[in-house]
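To start, I am sharing the structure in question, which I have written as structure tokens.
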Amino acid sequence: MANAPHGPASYFPTIETKYGRPVDEWLTMLAATDGSHSVLVDWLKSEHGLGHGHATALVQFHLNPGKWARA
């Protein structure tokens with residue numbers, strides 16, 4: 001399917017299920033936090049308990065949302 005989520009957005013359903021927050025809430029928190037890719041990933045991991053892959057997916061989408069399709 002052409003509009004199916006790919007890249008980081010393909011992780012979003014699992015992130016919402018596992019961590020109990022909608023992706024938009026995670027993206028809002030990222031928007032209010034300064035830092036480079038690695039700083040933001042480390043912050044999500046240490047402060048919110050996300051795994052590396054899920055944190056990376058959220059940060060990649062946050063830093064370049066126009067690149068990824070989102071369902």
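Any value given below was found using the heavy atoms of this structure, including those in side chains, with hydrogens, waters and symmetry copies removed.
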V39 side chain reached by T33 side chain, heavy atoms, under 4.5 Å: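 The answer is no, as the side chains (C-beta and beyond) never meet within the 4.5 Å cut-off.
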Could you tell me which residues satisfy side-chain hydrogen bond (donor to acceptor under 3.5 Å, both in side chains) with H54, sequence neighbours excluded, listed by chain and number?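 For H54 the side-chain hydrogen bond (donor to acceptor under 3.5 Å, both in side chains) partners, ignoring immediate neighbours, are Y19.
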Sequence-distant partners of E16, salt bridge (charged side-chain N to carboxylate O under 4.0 Å, His left out), two or more places apart: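 By the salt bridge (charged side-chain N to carboxylate O under 4.0 Å, His left out) rule, E16 matches no residue at all.
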What pairs with S38 under side chain to side chain contact (heavy atoms under 4.5 Å, CB included), at least two apart in sequence or on another chain?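 Scan of S38 (side chain to side chain contact (heavy atoms under 4.5 Å, CB included), adjacent residues dropped) gives S36.
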Of all heavy-atom pairs between I15 and A57, which one has the smallest distance, and what is that distance?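 It is CD1-CB, 4.4 Å.
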Show me the donor-acceptor pairs, under 3.5 Å and distance only, between side chains in residues 7-14 and residues at least two apart or in other chains.
from: S10; atom 1: OG; to: G7; atom 2: O; distance (Å): 2.6

Given L50, L44, V41, L40, the one that forms side chain to side chain contact (heavy atoms under 4.5 Å, CB included) with T56: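 With T56 as partner, L50, L44, V41, L40 yield a single side chain to side chain contact (heavy atoms under 4.5 Å, CB included), made by V41.
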Not counting sequence neighbours, which residues clear side-chain hydrogen bond (donor to acceptor under 3.5 Å, both in side chains) with K45? List them please.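 Applying side-chain hydrogen bond (donor to acceptor under 3.5 Å, both in side chains) to K45 gives H52.
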Answer whether the closest heavy-atom distance between the side chains of F61 and V23 falls below 4.5 Å.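 Side-chain contact under 4.5 Å: no.
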For residues 18-30, which residue pairs pass the salt bridge (charged side-chain N to carboxylate O under 4.0 Å, His left out) check, not counting sequence neighbours?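 Sorted pair list: R21-E25, D24-R70.
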Tell me, please, which residues at least two apart from D34 pass salt bridge (charged side-chain N to carboxylate O under 4.0 Å, His left out).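 Testing D34 for salt bridge (charged side-chain N to carboxylate O under 4.0 Å, His left out), a comparison that skips the adjacent residues, returns none.
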Applying ring pair (Phe, Tyr, Trp, His ring centres under 6.0 Å), name anything that partners H37, two or more places apart in sequence or on another chain.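 Ring pair (Phe, Tyr, Trp, His ring centres under 6.0 Å) check on H37 returns nothing, list empty.
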